[in-house]
Amino acid sequence: MRRAAAAATTRIRIGMAAEEVRQASAAATAAEAASASVPAPAGSRWARVWPSALRWIPTSTERIIAAEKRLLSILKTGYVQEQVNIGSAPPGSKVKWFRSSSDEPRFINTVTFDSKENAPTLVMVHGYGASQGFFFRNFDALASRFRVIAIDQLGWGGSSRPDFDCRSTEETEAWFIDSFEEWRKAKNLSNFILLGHSFGGYVAAKYALQHPEHVQHLILVGSAGFSSETDHSSEWLTKFRATWKGMLVNHLWESNFTPQRIVRGLGPWGPDLVRRYTTARFGSHSTGELLTENESSLLTDYIYHTLAAKASGELCLKHIFSLGAFARKPLLHSASDWKVPTTFIYGHDDWMNYQGAQQARKDMKVPCEIIRVPQGGHFVFIDNPVGFHSAIFYACRKFLSGDAEEGLSLPDGLISA
């Protein structure tokens with residue numbers, strides 16, 4: 001009787017928690033809808049006053065671009081920002097990655113930095129919940145050796161945010177891979193070095209598997225998606241899921257209740273939550289070089305606007321990963337099909353496990369290096385930019401003028417794994 005009562009109580013608690021989640025989700029959705037419906041004609045006085053004074057979610061695409069410009073204003077290298085038209089759907093594609101009732105063109109927000117003539121092209125792809133501005137500490141140094149192009153993936157940052165209605169892992173992968181390919185065509189690019197961070201590493205790797213003819217070298221920074229639950233001992237996860245907390249967290253995950261929804265749900269209090277995160281992650285909890293007060297302020301403003309905007313690409317999460325960040329279609333299983341030479345870069349304290357890359361390397365038939373950068377976590381390019389740049393230059397030594405026969409040994413401080 002007691003066990004039955006306890007089980008019933010647990011079910012009630014979980015049911016109540018799930019109901020609270022549904023209510024919170026509905027509230028966040030209502031807040032987003034209310035924000036999107038605010039009339040503010042472009043160029044009018046209300047367009048300038050209304051968003052900051054009365055909107056529950058004080059952001060817009062224009063504010064994302066403005067925050068991006070403020071953040072990148074601290075750079076010394078000139079750049080061009082553009083919205084690259086990728087059309088309304090990839091010709092001949094069986095999957096409509098835009099998944100929208102409208103056929104309006106989609107755009108990829110792109111920044112291209114001034115570079116030396118004949119410099120190799122480096123395309124940079126951000127991770128989940130981020131956007132290209134996260135590389136603000138790297139653009140100057142990298143642009144001294146490369147033609148650097150950074151993008152906001154479809155549904156993130158200042159890019160178009162179409163309705164996300166993918167229903168499977170295959171459709172979700174196509175959303176990012178096909179839209180990137182259309183962007184490449186629009187930019188008339190080929191033979192470039194492709195760098196992806198975290199989830200962007202997963203997308204970059206999947207793209208290189210489908211279109212290896214365009215990628216000279218692949219650089220995966222703290223890449224996600226190499227292993228699945230079945231590849232690891234997941235006893236801890238099984239036990240956690242059996243608890244009421246685990247069941248609630250799993251429910252949140254499968255319901256696509258993203259961290260961004262919390263930011264939107266807080267409305268005008270959202271910026272303060274983001275400020276607390278930025279201050280902690282890149283300040284008191286940083287393992288490397290702390291942000292300056294100006295950098296922290298500009299990055300906080302930028303992150304808030306990219307997170308609070310309309311939900312789109314962020315909703316990919318449950319289709320690509322199961323709870324615990326285990327890939328549903330892991331890259332490890334495709335290692336033998338790799339056709340592009342690859343360099344893996346991990347911060348020494350990165351929560352992403354470099355051992356997944358080591359396992360993949362055993363099956364790869366192309367050159368592969370694994371580099372660990374000291375004093376760096378998952379955002380190693382922010383934590384230790386100097387060490388990160390050193391790793392990039394070493395990885396691309398054969399593409400850089402005059403370096404073909406130099407730098408054969410790993411630079412001091414870096415660790416070969």
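Remember, it's a predicted structure, so these values are computed and weren't measured experimentally.
Ser190 and His214 get closest at one heavy-atom pair: OG-ND1, 3.5 Å. The two atoms that bring Leu142 and Leu122 nearest to each other are CD1-CD2, 4.0 Å, heavy atoms only. Closest heavy-atom contact between Glu171 and Asp165: OE1-O, 4.3 Å. In plain terms, the two heavy atoms of Ala391 and Val373 that are nearest each other are CB-CG2, 4.2 Å. Considering all non-hydrogen atoms of both residues, Leu332 and Phe226 come closest at CB-O, 2.7 Å. Contact between Arg264 and Trp56 at its shortest, heavy atoms only, is O-NE1, 3.3 Å.
Applying the salt bridge (charged side-chain N to carboxylate O under 4.0 Å, His left out) criterion to Asp383, with sequence neighbours excluded, gives Arg281. Applying the salt bridge (charged side-chain N to carboxylate O under 4.0 Å, His left out) test to Glu62 and every residue at least two apart in sequence or in another chain returns nothing. Judged as a side-chain hydrogen bond (donor to acceptor under 3.5 Å, both in side chains), and not counting sequence neighbours, Thr121 has no contacts. Qualifying side-chain contact (heavy atoms from CB on, under 4.5 Å) partners for Arg361, counting only residues two or more places apart in sequence or in other chains: Gln358, Cys368, Ile370. With sequence neighbours left out, Arg147 forms a salt bridge (charged side-chain N to carboxylate O under 4.0 Å, His left out) with no residue at all. Residues passing the side-chain contact (heavy atoms from CB on, under 4.5 Å) test with Asn256 are Leu315, Leu317, Lys318, sequence neighbours excluded. The side-chain hydrogen bond (donor to acceptor under 3.5 Å, both in side chains) check on His211 picks up nothing, with sequence neighbours excluded. Gln132 meets the side-chain hydrogen bond (donor to acceptor under 3.5 Å, both in side chains) test with Glu68; sequence neighbours excluded.
Ion pairing between Asp337 and Lys339 fails under the 4.0 Å rule for side-chain N and carboxylate O. Looking at Glu314 and Arg261, no side-chain N of the basic residue comes within less than 4.0 Å of a carboxylate O on the acidic one, giving no salt bridge.
Gln81 contributes no side-chain N or O that, together with a main-chain N or O of Asn109, makes up a donor-acceptor pair within less than 3.5 Å. For the pair Ser144 (side chain) and Ala141 (backbone), a donor-acceptor distance under 3.5 Å is present. Ser198 places no side-chain N or O within 3.5 Å of a backbone atom of Ala224 that could act as its donor or acceptor partner. Thr172 contributes a side-chain N or O that, together with a main-chain N or O of Ser168, makes up a donor-acceptor pair within less than 3.5 Å. For Thr300 (side chain) and Ser296 (main-chain N/O), a donor-acceptor pair under 3.5 Å exists by modelled atom type. Not one N or O on the side chain of Trp156 forms a donor-acceptor pair closer than 3.5 Å with the backbone of Ser312. Looking only at distances, no side-chain donor or acceptor of Arg276 sits under 3.5 Å from a matching main-chain atom of Leu273. The backbone N or O of Leu154 lies less than 3.5 Å from a partner atom in the side chain of Trp175, making a donor-acceptor pair.
Atom CZ of residue Phe199 and atom CD1 of residue Ile320 lie 5.0 Å apart, to the nearest 0.5 angstrom. Interatomic distance, CD1 of Ile382 versus CG of Asn138, reported as 7.5 Å (0.5 Å rounding). Distance check: Ser416 OG to Arg372 CZ gives 11.0 Å after rounding to the nearest 0.5 Å. Expressed to the nearest 0.5 Å, how far CZ of Phe192 lies from CZ of Arg184 amounts to 6.5 Å. Taken to the nearest 0.5 Å, the CE atom of Met124 stands 11.5 Å off from the CD1 atom of Ile193. To the nearest 0.5 Å, atom CD1 of residue Ile108 and atom CD1 of residue Ile86 are 4.0 Å apart.
Two rings, from Tyr202 and Phe176, have their centers 6.0 Å or more apart. Between Phe134 and Phe379, the distance separating the two ring centers is shorter than 6.0 angstrom.
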Self-check item: Verdict with reasoning, Arg145 to His389, per side-chain contact (heavy atoms from CB on, under 4.5 Å)
Solution: CA-CA 10 Å; Arg145 311 292 298 277; His389 303 151; over 6 Å; no
Quiz item: Hey, mind stepping through Lys398 and Glu369 against salt bridge (Lys or Arg N to Asp or Glu O under 4.0 Å) and telling me if it holds?
Solution: CA-CA 14 Å; Lys398 76 174 185 178; Glu369 296 176 313; over 6 Å; no
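Applying the side chain to side chain contact (heavy atoms under 4.5 Å, CB included) test between Tyr79 and each of Val148, Ile149, Leu72, Thr112 identifies Leu72 as the sole match.
Contact check for Lys185 versus Glu181: side-chain heavy atoms found under the 4.5 Å cut-off. Residues Val203 and Phe180 are not in side-chain contact: their nearest non-hydrogen atoms beyond the backbone lie 4.5 Å or more apart. Put simply, the side chain of Phe393 does not reach to within 4.5 Å of the side chain of Pro411, judged on heavy atoms. Residues Pro162 and Arg106 have side chains in contact (heavy-atom distance under 4.5 Å, counting atoms from C-beta outward). Counting heavy atoms from C-beta on, the side chains of Ile65 and Lys69 come closer than 4.5 Å. Residues Val111 and Phe135 fail the side-chain proximity criterion, which asks for heavy atoms closer than 4.5 Å. Two residues are said to be in side-chain contact when any heavy atoms from C-beta on lie closer than 4.5 Å; Pro271 and Val263 fail this criterion. Contact annotation: the side chain of Thr77 never approaches that of Phe139 to less than 4.5 Å [non-hydrogen atoms, C-beta and beyond].
Within the structure, salt bridge (Lys or Arg N to Asp or Glu O under 4.0 Å) pairs that include any residue of residues 125-144 comprise Arg137-Glu289, Arg137-Glu295 (at least two apart or interchain). Sorted by first then second residue, the salt bridge (Lys or Arg N to Asp or Glu O under 4.0 Å) pairs that include residues 196-219, not counting sequence neighbours, are Glu173-Lys206.
Ring geometry, His197 versus Phe381: the interplanar angle exceeds 60°, so the pair is classed perpendicular (tilted spans 30 to 60°).
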For residues 340-351, tabulate all N or O donor-acceptor pairs below 3.5 Å that involve a side-chain atom, not counting sequence neighbours.
| from | atom 1 | to | atom 2 | distance (Å) |
| --- | --- | --- | --- | --- |
| Thr342 | OG1 | Trp338 | NE1 | 2.7 |
| Thr342 | OG1 | Val340 | O | 2.8 |
| Thr343 | OG1 | His217 | NE2 | 2.8 |
| Asp350 | OD1 | Met352 | N | 2.8 |
| Asp350 | OD1 | His378 | ND1 | 2.8 |
| Asp350 | OD2 | His378 | ND1 | 3.3 |

Would you list the atom pairs, donor with acceptor, under 3.5 Å between side chains in residues 301-309 and any protein atom, with sequence neighbours excluded?
| from | atom 1 | to | atom 2 | distance (Å) |
| --- | --- | --- | --- | --- |
| Asp301 | OD1 | His305 | NE2 | 3.3 |
| Asp301 | OD2 | Arg70 | NE | 3.4 |
| Asp301 | OD2 | Arg70 | NH2 | 2.5 |
| Tyr302 | OH | Ser131 | OG | 2.9 |
| Tyr302 | OH | Gly133 | N | 2.9 |
| His305 | ND1 | Thr59 | OG1 | 2.8 |
| Thr306 | OG1 | Tyr302 | O | 3.3 |
| Thr306 | OG1 | Ile303 | O | 2.9 |

